[in-house]
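Heads up, the thing below is written out as structure tokens.
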Amino acid sequence: MTSDPLPDLVSWIDEHNSELIADLRTLVESETPSGDKALLDAMADQLTAWLPERLGPVYTTRHRLARYGDALDVIVPGDGTNVVLIVCHYDTVWPVGTLAARPFSVEDDRATGPGIFDMKFGIAQSVWAVRALQSLELPRPTVRLLLTGDEEIGSPASRPHIERAATDAIATFVTEPGGAGWAVKTERKGTGDFTISATGVEAHAGLEPTRGASAIHALADVIRQLLDAADPQRGTTVNVGLIGGGSARNVVAGHAECQVDVRIADPAEIPRMDRVFARLQPPDPRVRLDISGGWRRPPMVTTPASRELFELVDAVARRLRGPLTHPPVGGASDANLIAALGRPVICGMGATGGGAHARDEHIALADVTDRTALLAGSINRLAAQASSVFSMSSSGNAPSNSSRQLRTLGGA
């Protein structure tokens, strides 16, 4: 063993690469759509049995959730009293049957399969990173693995478990995909889901057009008001992803509805957009608007604590292959919730690859060893840190309460 543990970690992980990929295949071949409680429970059973096989004695608490995938809280004992948290999710966006059409496969430098990139690789990577530290008898803090089954719908049930675990940890790594290249994620947009329902007055479009009040026409005007409120230069975007309504071509529509996705980079945009929604007005006063939904996740901004943690991870990365990049991204994750508490967190510690939520979802096999070694090396470095090393704030960047800021919303 050398004084620098990274060469030994790289060699060990490289030697066990095929075993890691075999475990990854097993995970991918267990379908886990966010809305299928039975399949999610089966995966939780599978993970509960698999983790001690790979990591030896662990202490697992299973938080059973009525509607969503259970949260598995797994403690892997280490050295000292410090705890490092790793957050993963085992649910995916893919419906049952996707695997039959797109089975796990390896071709050239790519491994493909539903959920492989987002984020079943992150689960296998996390376990094998800790196993590498164990096998080489390298210093490591206690590792707390939190595996959740509702991230893709906004973590409505696992959120309090994530926040409590992060509060007790000196640092958190979220093994969501790192994307292309040698990158992690320190800034993510906040997200909001809103549903706007318009109720108008039905009438015959030919015989009595003025007696009617079209919900569709009103909704079209309201959508224009929303789009005008977007401010892409500040990172605020508005997307109407679904729309429907009416009963027939020749009927003035009595009902219409649309679903709106709002993304924000600046926490100050939350109250501004709340005011926009509150002031939406249909052009015909006979049409009633009902707005539901709210903010799923606040923006993930780079706090002083996370900046210090990034510098630690980057120091490991530079010894492996070079400095990390950390471009801001539009997608949200559970790291948003942790950053809002002011706790040190780095997201995107997982796979290199692409195609998240797309049919070409894949990971780059050439980067499996380096990405796993980056996680293991960062955990190893944290073993020497005092619990007060990071400038942690108790207030963070959490948005103020809003009448539509519901903690039970979904979507990522």
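- The two atoms that bring Y90 and G69 nearest to each other are OH-C, 3.4 Å, heavy atoms only.
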Begin with the C-alpha distance, continue with both residues' side-chain angles, and end with the deciding distance and a verdict on side-chain hydrogen bond (donor to acceptor under 3.5 Å, both in side chains) for D370 and W182.
CA-CA 9 Å; D370 283 351; W182 194 225; over 6 Å; no
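- The shortest distance between side-chain heavy atoms of F310 and T302 does not fall below 4.5 Å.
- By the 4.5 Å heavy-atom criterion applied to side chains, S306 and T186 are not counted as neighbours.
- Listed here is the closest heavy atom pair of L6 and G377: CD2-CA, 4.0 Å.
- At most 12 non-hydrogen atoms from other residues, nucleotides or ligands lie less than 6.0 angstrom from CZ of R319.
- Two residues are said to be in side-chain contact when any heavy atoms from C-beta on lie closer than 4.5 Å; E187 and H326 fail this criterion.
- For the pair L219/I223, a side-chain contact is recorded, criterion being any heavy-atom separation below 4.5 Å from C-beta on.
- Under 4.0 Å is where a charged nitrogen must lie from a carboxylate oxygen, and between R110 and D360 no such pair does.
- A 4.5 Å side-chain heavy-atom check between S333 and K185 finds every atom pair outside the cut-off.
- Counting only distance, with no hydrogens or angles, the side chain of N336 and the backbone of K189 share a donor-acceptor pair below 3.5 Å.
- A donor-acceptor contact under 3.5 angstrom links the side chains of E257 and S197, judged on distance only.
- Side-chain atoms of E31 come within 3.5 Å of backbone N or O of G97 as a donor-acceptor pair.
- You'll find the side chain of F121 stays beyond 4.5 Å of the side chain of V28, heavy atoms only.
- Nearest approach of L382 to A171, heavy atoms of both residues: CD1-CB, 3.9 Å.
- I379 and R140 get closest at one heavy-atom pair: CG2-CB, 4.4 Å.
- Between W12 and W128, the ring-plane angle classifies as tilted under the 30° and 60° cut-offs.
- Side-chain contact check for E269 and T236: at least one donor-acceptor pair (N or O, by modelled atom type) lies under 3.5 Å.
- The CZ atom of R371 sits 12.5 Å away from atom OG1 of T369, with the distance rounded to the nearest 0.5 Å.
- Contact between P114 and T98 at its shortest, heavy atoms only, is CB-CG2, 3.9 Å.
- Residues R144 and L146 have side chains not in contact (no heavy-atom distance under 4.5 Å, counting atoms from C-beta outward).
- Open room surrounds CD on E107; 12 or fewer heavy atoms of other groups in view lie less than 6.0 Å from it.
- Considering every non-hydrogen atom in both A71 and H161, the closest pair reads CB-CD2, 4.3 Å.
- Side-chain atoms of D109 come within 3.5 Å of backbone N or O of L365 as a donor-acceptor pair.
- Rounded to the nearest 0.5 Å, atoms CG (L227) and CG (N239) are 8.5 Å apart.
- Atoms OG1 and CZ, on T191 and R296 in that order, are 3.5 Å from each other to the nearest 0.5 Å.
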Step-by-step salt bridge (Lys or Arg N to Asp or Glu O under 4.0 Å) determination, R297 to D193:
CA-CA 10 Å; R297 293 185 174 102; D193 272 345; over 6 Å; no
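- Proximity of R321 to D367: side-chain heavy atoms (C-beta onward) are separated by under 4.5 Å at one or more points.
- A donor-acceptor pair under 3.5 Å links the side-chain atoms of D70 to the main chain of L65, judged by distance alone.
- K120 places a side-chain N or O within 3.5 Å of a backbone atom of L27 that can act as its donor or acceptor partner.
- No salt bridge links D314 with R307; every basic N to acidic carboxylate O contact stays at or beyond 4.0 Å.
- Ring pair W295/F194 is perpendicular by interplanar angle, where above 60° counts as perpendicular and below 30° as parallel.
- Residues D73 and T61 bring no donor and acceptor atom of their side chains to less than 3.5 Å of each other.
- Test D334, V329, D118 against E176 for side-chain contact (heavy atoms from CB on, under 4.5 Å) and you get one pass: D118.
- Distance alone, capped at 3.5 Å, places no donor-acceptor pair between the Q125 side chain and the A351 backbone.
- For the 3.5 Å distance criterion, the side chains of R343 and T172 fail to qualify, holding no donor opposite an acceptor.
- Residues K37 and D41 are paired through a salt bridge, judged by an N-O separation under 4.0 Å between the basic side chain and the carboxylate.
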